[in-house]
*Asks:* 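Here's a structure for you.
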Amino acid sequence: WSLTPLTSNGETIFTVGYQNERLLVASGSSAQAALDAEQGDNRLVNLAAWQQFAGDNSSPNLYVDAFVFYNTFFPLEMLNGGFVVGENNRQRLAASAHTDDNGLYHLDLTVTLPQG
């Protein structure tokens, strides 16, 4: 991985990294934790929220939890609202891509919306 930390006053705000055709954007100093998680360190892949997207024994290429995304990139919006989104009310997106034997490229998108 080639990682570039973006800092302010000596504190890491974001880290941007790439490897082959993969992109990593991490807040604070969480880049290494994300790389460790890929190797199974914190077992994020064992959480129910993640497993609902697992197919063919593989993890999605992209996973976004809208609440976490907005809280990371637009925290003032979340703070002004003064609310926390419960586990059953999360909006999530997962994307997986693969190429079949005929060279046809497939992009599978799965979205979960809040329950009732």
Side-chain angles (χ1 to χ4, degrees):
W1 281 90
S2 176
L3 300 174
T4 302
L6 306 172
T7 61
S8 175
N9 298 325
E11 183 179 336
T12 301
I13 306 301
F14 289 102
T15 299
V16 178
Y18 67 90
Q19 178 187 55
N20 299 328
E21 296 180 4
R22 298 169 65 193
L23 175 68
L24 170 70
V25 179
S27 60
S29 58
S30 64
Q32 189 58 53
L35 295 175
D36 292 344
E38 181 182 35
Q39 302 301 318
D41 181 53
N42 71 359
R43 303 296 179 207
L44 173 66
V45 295
N46 290 335
L47 297 177
W50 183 276
Q51 288 182 345
Q52 69 183 343
F53 296 112
D56 301 327
N57 297 322
S58 64
S59 299
N61 300 109
L62 173 68
Y63 172 81
V64 177
D65 182 317
F67 176 73
V68 175
F69 175 83
Y70 286 121
N71 195 37
T72 300
F73 293 102
F74 307 104
L76 290 179
E77 295 293 325
M78 301 304 285
L79 291 175
N80 290 338
F83 63 92
V84 175
V85 177
E87 188 64 28
N88 291 334
N89 291 322
R90 297 282 180 92
Q91 299 171 1
R92 296 182 174 100
L93 171 116
S96 298
H98 69 276
T99 305
D100 68 16
D101 294 337
N102 295 323
L104 186 61
Y105 185 79
H106 296 262
L107 178 63
D108 300 318
L109 295 175
T110 304
V111 177
T112 61
L113 300 173
Q115 296 178 359

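Fair warning: this is a prediction, and the values are worked out from it, not measured in the lab.
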*Asks:* For a quick test of reading the model, state the closest non-hydrogen atom pair linking A97 to Y105 and the distance between them.
*Replies:*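 Heavy-atom minimum between the residues: CB-OH, 3.1 Å.
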
*Asks:* Would L62 and L109 show up in the same hydrophobic cluster when neighbours are defined by side-chain heavy atoms closer than 4.5 Å?
*Replies:* no

*Asks:* With a 4.5 Å cut-off on side-chain heavy atoms, are D108 and H98 touching?
*Replies:* yes

*Asks:* Would you name the heavy atoms of T15 and P5 that are closest together and state the gap between them?
*Replies:*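 Shortest heavy-atom contact: OG1-CA, 4.0 Å.
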
*Asks:* Measuring from atom CG of L24 to atom OG of S2, what distance do you get when rounded to the nearest 0.5 angstrom?
*Replies:*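 Rounded to the nearest 0.5 Å, the CG-OG separation comes out at 11.0 Å.
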
*Asks:* With rounding to the nearest 0.5 Å, note down the distance linking CG in N20 to CH2 in W1.
*Replies:* 8.5 Å

*Asks:* Give the minimum heavy-atom separation between L3 and G17, together with the two atoms involved.
*Replies:*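 Where L3 meets G17 most closely, the heavy atoms are CD2-CA, 3.7 Å.
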
*Asks:* Let me confirm one number: the OG1-CG distance from T112 to D65, rounded to the nearest 0.5 Å.
*Replies:* 8.0 Å

*Asks:* Do L6 and Y18 sit in the same hydrophobic cluster, where Ile, Leu, Val, Met, Phe, Trp and Tyr count as joined when their side-chain heavy atoms come under 4.5 Å apart?
*Replies:*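 No; tracing contacts between hydrophobic side chains, which count when under 4.5 Å, never links both residues.
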
*Asks:* Are L107 and L104 in one and the same hydrophobic cluster, where Ile, Leu, Val, Met, Phe, Trp and Tyr link if side-chain heavy atoms are under 4.5 Å apart?
*Replies:*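 Different hydrophobic clusters.
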
